[in-house]
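Quantities reported herein were computed from a predicted structural model and do not represent experimental measurements. Here, residue 1 is the first one in the sequence, and each next residue gets the next number.
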Amino acid sequence: MNQKLKVGILGATGMVGQRFISLLENHPWFDVVTVAASPRSAGKTYEEAVKERWKMTTPMPESVKKLIVMNVNEVEKVASTVDFVFSAVDMTKEEIKAIEEEYAKTETPVVSNNSAHRWTKDVPMVVPEINPEHFEVIPYQKERLGTKKGFIAVKPNCSIQSYAPALTAWMEYEPYEILVTTYQAISGAGKTFQDWPEMIENIIPYIGGEEEKSEQEPLRLWGKIKNGEIVKAQSPKITCQCIRVPVLNGHTAAGFVKFRKKPKKEELIEKLVKFKGLPQTLKLPSAPKQFIQYLEEDNRPQVKLDVDFENGMGISIGRLREDSIYDFKFIGLSHNTVRGAAGGAILCAELLKAQGYIEAK
C-alpha cells in the first residue's frame, strides 16, 4: 500500500477517541488527519481541547497535538477532509444514528464504536474473527442510503468479547444454555479513578442497559443474512449479570455452559487455542497472532498479568472445569478499550480495507 488512507475521528476528545488516536499512531495503513468533537472544543488545537484530560498511559502523539478540532456537526466540511471516519461521539442514541447516516451519505464510510446502529438490520456488527461474512450486507445498506461508497459498520459491546469468542470456538459442540456474570472495568464508562473516586474499593451491581446487550448481541454475531438483513440466531440462550468493579482496564467474565454434544475438557482447550479467523490469515496490522490463549494456572487470567495479551487484542481464557449443574465453567478476560472498543473497530476497518469496502476517495 503506497499511500495511507486519510482518517477522521468523531468524538476525538473522549476516552475512546483518545484510544483511537493512541492506537493509530504510526499505523501502516491509516493516517489521522482530522479530529472532530463538540462545538465547545471546535477551533482549539487538539492539545488545548484535551489538556489534562488525556487518559492514556502513553503520551499524546505529536502528530495530533496541533490539529485544529473541527465541529463534528459540520458533516460535509469534516467529510471532505477524509477517506473514512471512526465514530466515538457522545450523543443520544437517536442523534448518533442520524449523524452517522449523515456522514455515510457524504460517501464517507463510518466504522463506529457506538451502540446506536448495532440493531439496524442492514448494518454489520462484526468481530472480524467471528462473523466477517456480515460485511456482505453492506451493498443492501448502500442501496437504502442511496450511496456508492458510504456505509456504516459497527463493533459489538465491549463486555461480550470476554466470552463470545470462546463460545464461538465451541459451536460444534452445540452450546444451548449459558449463564455469564461480567466484572467490568471503569474505563468502560469512560472514567478513571481520578474521575470516579467513588469506585475505589467499591462494586456497583448495575450497569444501565448492559445485561440486555450482553445477552442479545452474541446472537446477532451468530446470525445469518437473509433478504438483505441480518437475522439474529435463536440459540444458545444467554442470561447475564453485569457488575462494575474497581479495575481501570479489563472486563472479566465468569461463564457456565451446557452443551448438547458432550465435549471433553481437552477438546475444548484445543478448540480455543486453534481458533483463528480472517485477520490472522490476512495478517492484518492490528490482528493478534494468537486470538485466544488458554492459561493452565488456577489463578489466571488476571487483569494485571493478562489484559495486555497480544497488545490488548487477544482474549485470555482459564479455569475451564466441569460443573455440577452446567457442563463446564470458565473465566474469560478481554481489554475493554482495546479489543472491546477502539482496537476492535480498527481491526474492522483493516478488514474492510483489505476486502475493498474502504478505499481512497
Got a sec: does the [atom1] of [X] have more than 12 other heavy atoms crowding it under 6.0 Å?
X      : atom1 : value
Glu177 : CD    : yes
Lys262 : NZ    : yes
Glu76  : CD    : no
Glu267 : CD    : yes
Asp298 : CG    : no
Glu25  : CD    : yes
Lys289 : NZ    : no
Lys142 : NZ    : yes

message: Check whether Tyr176 forms a cation-pi arrangement with Arg260 (NZ or CZ under 6.0 Å from the six-membered ring centre, at most 45° off the ring normal).
response: yes
- request: Establish, for the pair Lys258 and Tyr326, whether the NZ or CZ atom is under 6.0 angstrom from the six-membered ring centre and no further than 45 degrees off its axis.
  value: yes
Side-chain contact test, heavy atoms from C-beta onward, threshold under 4.5 Å: evaluate it for [X] versus [Y] and give yes or no.
X      : Y      : result
Ile160 : Lys213 : no
Asp327 : Tyr173 : no
Cys348 : Phe135 : yes
Arg220 : Pro156 : no
Pro246 : Asn202 : no
Ile68  : Thr45  : yes
Met15  : Thr192 : yes
Ile346 : Phe20  : yes

- request: Test side chain to side chain contact (heavy atoms under 4.5 Å, CB included) on Val257 and Leu167 and set out the steps.
  value: CA-CA 9 Å; Val257 192; Leu167 297 172; 3.9 Å; yes
Close aromatic pair by centroid cut-off 6.0 Å: Trp170 and Phe275: no
Using the rule that two of Ile, Leu, Val, Met, Phe, Trp, Tyr join whenever any of their side-chain heavy atoms come within less than 4.5 Å, decide whether [X] and [Y] are in one cluster.
X      : Y      : answer
Val273 : Tyr163 : yes
Met70  : Val72  : yes
Val35  : Val82  : no
Ile292 : Phe259 : yes
Val69  : Met56  : yes

task: Report the C-alpha distance between Glu210 and Asn157 in whole Å, list the side-chain angles of each, state the deciding distance to 0.1 Å, and finish with yes or no for side-chain hydrogen bond (donor to acceptor under 3.5 Å, both in side chains).
output: CA-CA 8 Å; Glu210 200 74 7; Asn157 196 39; 2.8 Å; yes
message: Could you go through Thr147 and Glu107, starting from their C-alpha distance and side-chain angles, then the distance that decides it, and tell me whether this counts as side-chain hydrogen bond (donor to acceptor under 3.5 Å, both in side chains)?
response: CA-CA 6 Å; Thr147 59; Glu107 301 295 357; 4.5 Å; no
query: Glu94 and Thr92: side-chain donor and acceptor closer than 3.5 Å?
result: no
Which distance, rounded to the nearest 0.5 Å, do you find between the [atom1] of [X] and the [atom2] of [Y]?
X      : Y      : atom1 : atom2 : result
Thr168 : Ile315 : OG1   : CD1   : 10.5 Å
Asp195 : Ser187 : CG    : OG    : 11.0 Å
Lys55  : Ser22  : NZ    : OG    : 14.5 Å
Ser63  : Asn26  : OG    : CG    : 7.5 Å
Asn336 : Asn249 : CG    : CG    : 5.5 Å
Thr108 : Asp83  : OG1   : CG    : 8.5 Å

Could [X] and [Y] be called an ion pair, given the rule that one side-chain N must be under 4.0 Å from one carboxylate O?
X      : Y      : value
Asp31  : Lys6   : no
Lys65  : Glu62  : yes
Lys261 : Glu174 : yes
Glu322 : Lys265 : no
Lys271 : Glu172 : yes
Glu270 : Lys274 : yes

Working for side-chain hydrogen bond (donor to acceptor under 3.5 Å, both in side chains), residues Ser159 and Thr182: CA-CA 7 Å; Ser159 67; Thr182 59; 4.9 Å; no
- line: From the list Leu284, Leu5, Leu24, side-chain contact (heavy atoms from CB on, under 4.5 Å) partner of Trp29 resolves to Leu284
message: Walk me through whether Val231 and Lys224 qualify under side chain to side chain contact (heavy atoms under 4.5 Å, CB included).
response: CA-CA 5 Å; Val231 180; Lys224 302 291 182 194; 5.7 Å; no
field: Pairs flagged by side-chain hydrogen bond (donor to acceptor under 3.5 Å, both in side chains) wherever residues 302-315 is involved - sequence neighbours left out
entry: Arg300-Asp306
field: Side chain Asn114, main chain Ala116, donor-acceptor under 3.5 Å
entry: no
- prompt: Donor-acceptor pair, Gln241 side chain versus Thr181 backbone, under 3.5 Å?
  reply: no
Working for side chain to side chain contact (heavy atoms under 4.5 Å, CB included), residues His27 and Val32: CA-CA 9 Å; His27 192 283; Val32 178; over 6 Å; no
Only pairs under 3.5 Å count here: list side-chain donor-acceptor contacts from residues 120-131, not counting sequence neighbours, and write none if there are none.
{"unit_1": "Thr120", "atom_1": "OG1", "unit_2": "His117", "atom_2": "ND1", "d": "2.8"}
{"unit_1": "Asp122", "atom_1": "OD1", "unit_2": "Arg144", "atom_2": "NE", "d": "3.4"}
{"unit_1": "Asp122", "atom_1": "OD1", "unit_2": "Arg144", "atom_2": "NH2", "d": "2.8"}
{"unit_1": "Asp122", "atom_1": "OD2", "unit_2": "Arg144", "atom_2": "NE", "d": "2.6"}
{"unit_1": "Glu129", "atom_1": "OE1", "unit_2": "Arg339", "atom_2": "NH1", "d": "2.9"}
{"unit_1": "Glu129", "atom_1": "OE1", "unit_2": "Arg339", "atom_2": "NH2", "d": "3.4"}
{"unit_1": "Glu129", "atom_1": "OE2", "unit_2": "Gln280", "atom_2": "NE2", "d": "3.0"}
{"unit_1": "Glu129", "atom_1": "OE2", "unit_2": "Arg339", "atom_2": "NH2", "d": "2.9"}
{"unit_1": "Asn131", "atom_1": "OD1", "unit_2": "Val127", "atom_2": "N", "d": "2.9"}
{"unit_1": "Asn131", "atom_1": "ND2", "unit_2": "Met125", "atom_2": "O", "d": "2.8"}
{"unit_1": "Asn131", "atom_1": "ND2", "unit_2": "His134", "atom_2": "ND1", "d": "3.0"}

Mutual orientation of the aromatic rings belonging to Phe30 and Phe86 [parallel < 30°, tilted 30-60°, perpendicular > 60°]: perpendicular
task: Show your reasoning for whether side chain to side chain contact (heavy atoms under 4.5 Å, CB included) applies to Phe151 and Val110.
output: CA-CA 6 Å; Phe151 63 87; Val110 178; over 6 Å; no
